[in-house]
Amino acid sequence: MIRSLLLPLGLVFAHSVAAQPLVLTSSPILLDLVQQVGADSVRAECLVPAGTRSPDFEPTPEAARRLAEAQLLVVNGAGYEPWLNDLLKQSGYEGPVIVATQGLALLDADGQWHEPADETAASQVDLDPYAWQDPQNLVRYVGNIGGALTSLLPARAGAFQIRIAALGRELRSLQDYARSQFAALPRDRRRMATSLTAFNYLAAAYGLQIVPIPGLASGQELRPAVLEHMLVGITQLHVPAVFFESTANVRTVKRIADETRTKVITTLRSDDLGPAGSPTATCIGMLRANIDAIISALK
């Protein structure tokens with residue numbers, strides 16, 4: 001009688017997979033948040049291959065096939081997924097698409113704010129999509145993702161709410177930590193020169209001034225006149241540190257460091273997370289590491 005109650009291992013596994021709806025995301029950041037809220041209730045995967053930034057992703061037939069099998073798609077919005085409409089058409093996907101930035105005020109490329117209801121901004125303005133770099137914004141991300149998962153699996157709503165609340169506490173704690181750390185910096189030390197475009201929300205939240213450095217992300221060497229102008233600007237503004245991508249032109253970066261006598265930092269993460277098991281393997285861990293690296297460099 002006991003033997004008759006046992007299911008073959010293959011059937012047990014098939015039932016387990018079927019009970020876990022497939023949730024696809026457009027970035028590792030969103031994947032981590034879905035996994036933290038959904039835990040083992042969902043099967044979460046990133047649609048964009050590892051090592052590829054979502055804005056640079058080119059949809060493939062395989063991506064369309066995966067999306068057609070999904071029960072939920074989570075995207076960042078604010079122009080971060082320029083390929084989205086094409087992939088939706090290609091895949092025939094008709095399930096829910098959750099925009100993690102829904103309900104947030106967003107910056108545009110000129111540093112101007114646009115309220116959530118600003119439909120003009122959504123269609124005509126070049127919005128800054130990197131809202132997740134401000135811990136306060138991530139509270140909204142988690143809430144939007146949690147609401148979507150609850151709609152998908154209402155029976156798991158209680159468990160989702162517990163995890164949402166826990167993440168909210170962690171994010172508010174990180175926000176308080178960042179506020180106290182940046183507030184302790186003298187105002188003339190709150191300047192960071194960078195070729196990265198992902199830290200405008202962080203700067204706005206904590207009173208930092210970003211001195212943009214163009215042309216360092218692709219390995220190209222700047223024209224002499226442009227470089228000289230940049231060196232003068234960094235020196236005159238007494239910028240304490242320069243932050244750049246690892247692919248930046250080494251000679252250009254070295255000259256900036258040598259001639260301006262600034263610290264050079266290459267450890268900030270914008271679109272990706274660290275390897276599994278590392279301090280930056282989670283979204284909150286990545287944000288904490290970024291904040292610590294910036295604070296340390298600007299002191």
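A quick note: this is a predicted structure, and the numbers were derived from the prediction, not measured.
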What is the minimum heavy-atom distance between [X] and [Y], and which atoms define it?
| X | Y | value |
| --- | --- | --- |
| Ala105 | Pro116 | N-CG, 3.8 Å |
| Ala281 | Asp32 | O-OD1, 4.3 Å |
| Ala193 | Val239 | N-CG1, 3.5 Å |
| Pro129 | Gly77 | CB-O, 3.9 Å |
| Asp272 | Met286 | O-CG, 4.0 Å |
| Leu149 | Phe160 | O-CE1, 3.4 Å |

Pairwise distance [atom1]([X]) to [atom2]([Y]) - rounded to 0.5 angstrom:
| X | Y | atom1 | atom2 | value |
| --- | --- | --- | --- | --- |
| Arg251 | Asp258 | CZ | CG | 13.0 Å |
| Arg189 | His238 | CZ | NE2 | 10.5 Å |
| Thr235 | Glu259 | OG1 | CD | 8.0 Å |
| Arg156 | Ile162 | CZ | CD1 | 13.0 Å |
| Leu273 | Ile284 | CG | CD1 | 11.0 Å |
| Leu153 | Gln71 | CG | CD | 9.5 Å |

Check whether any side-chain N or O of [X] sits under 3.5 Å from a backbone N or O of [Y] as a donor-acceptor pair, and report yes or no.
| X | Y | result |
| --- | --- | --- |
| Thr60 | Ala63 | yes |
| Arg190 | Ala183 | yes |
| Gln20 | Arg43 | no |
| Asn137 | Ala131 | yes |
| Asp126 | Ala109 | no |
| Asp134 | Gln136 | yes |
| Ser26 | Val75 | no |
| Arg66 | Cys46 | yes |
| Gln102 | Ile98 | no |
| Ser91 | Ala68 | no |

Is there a side-chain contact between [X] and [Y] (heavy atoms, below 4.5 Å)?
| X | Y | answer |
| --- | --- | --- |
| Tyr80 | Leu127 | no |
| Ile164 | Val37 | yes |
| Glu58 | Thr52 | no |
| Thr25 | Glu45 | no |
| Val211 | Thr194 | no |
| Leu138 | Cys283 | yes |
| Leu87 | Tyr93 | no |
| Val74 | Asn144 | no |

Membership question, hydrophobic clusters at under 4.5 Å side-chain separation (ILVMFWY): are [Y] and [X] in the same one?
| X | Y | answer |
| --- | --- | --- |
| Leu30 | Leu88 | no |
| Met192 | Val232 | no |
| Trp113 | Val139 | yes |
| Trp132 | Val99 | no |
| Val142 | Leu287 | yes |

Legend entry - Derivation of the side-chain contact (heavy atoms from CB on, under 4.5 Å) call for Thr280 and Arg269: CA-CA 9 Å; Thr280 57; Arg269 291 184 176 273; 3.6 Å; yes
When the side chains of residues 196-208 are checked against the rest of the protein, which donor-acceptor pairs come out under 3.5 Å, sequence neighbours left out?
from   : atom 1 : to     : atom 2 : distance (Å)
Asn200 : ND2    : Asp128 : OD2    : 3.0
Tyr201 : OH     : Leu107 : N      : 2.9
Tyr201 : OH     : Asp128 : O      : 2.6

Inset, instruction - Assess whether side-chain contact (heavy atoms from CB on, under 4.5 Å) is satisfied between Tyr141 and Leu104, documenting all intermediate values. - result: CA-CA 9 Å; Tyr141 274 56; Leu104 285 174; 3.8 Å; yes
Legend entry - Verdict with reasoning, Thr262 to Ile234, per side-chain contact (heavy atoms from CB on, under 4.5 Å): CA-CA 9 Å; Thr262 59; Ile234 291 173; 4.0 Å; yes
Inset, instruction - Verify the neighbour count for atom CD of Glu94: are there more than 12 heavy atoms of other residues, nucleotides or ligands below 6.0 Å? - result: no
Legend entry - Residue list, side chain to side chain contact (heavy atoms under 4.5 Å, CB included) with Arg53, at least two apart or on another chain: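 Once residues adjacent in sequence are excluded, the partners of Arg53 under the side chain to side chain contact (heavy atoms under 4.5 Å, CB included) criterion are Pro55, Asp56, Tyr130, Asp271.
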Inset, instruction - Sequence neighbours left out, what passes side chain to side chain contact (heavy atoms under 4.5 Å, CB included) with Asp188? Give chain and number order. - result: Pro186, Arg191
Legend entry - Distance-only side-chain donor-acceptor flag, Glu81 / Ser54, under 3.5 Å: no
Inset, instruction - Examine the side chains of Gln90 and Asp86 and answer whether a donor and an acceptor come within less than 3.5 Å of each other. - result: no
For residues 292-299, which side-chain donor-acceptor pairs fall under 3.5 Å, sequence neighbours excluded?
from   : atom 1 : to     : atom 2 : distance (Å)
Asp292 : OD1    : Tyr177 : OH     : 2.5
Asp292 : OD2    : Arg288 : NE     : 3.2

Inset, instruction - Could you note down all residue pairs passing ring pair (Phe, Tyr, Trp, His ring centres under 6.0 Å) where residues 42-62 supplies at least one of them, sequence neighbours left out? - result: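 Only Phe57-Trp83 qualify under ring pair (Phe, Tyr, Trp, His ring centres under 6.0 Å).
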Legend entry - Salt bridge flag under 4.0 Å for residues Arg255 and Glu228: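 Salt bridge between Arg255 and Glu228, a charged N being under 4.0 Å from a carboxylate O: yes.
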Inset, instruction - Please lay out, stage by stage, how Val23 and Leu152 fare under the test side-chain contact (heavy atoms from CB on, under 4.5 Å). - result: CA-CA 10 Å; Val23 179; Leu152 191 64; 4.2 Å; yes
Inset, instruction - Keeping to residues at least two apart or across chains, list the salt bridge (charged side-chain N to carboxylate O under 4.0 Å, His left out) pairs with something in residues 158-176. - result: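 Every salt bridge (charged side-chain N to carboxylate O under 4.0 Å, His left out) pair that includes a residue of residues 158-176, provided the two are not neighbours, is Asp176-Arg179.
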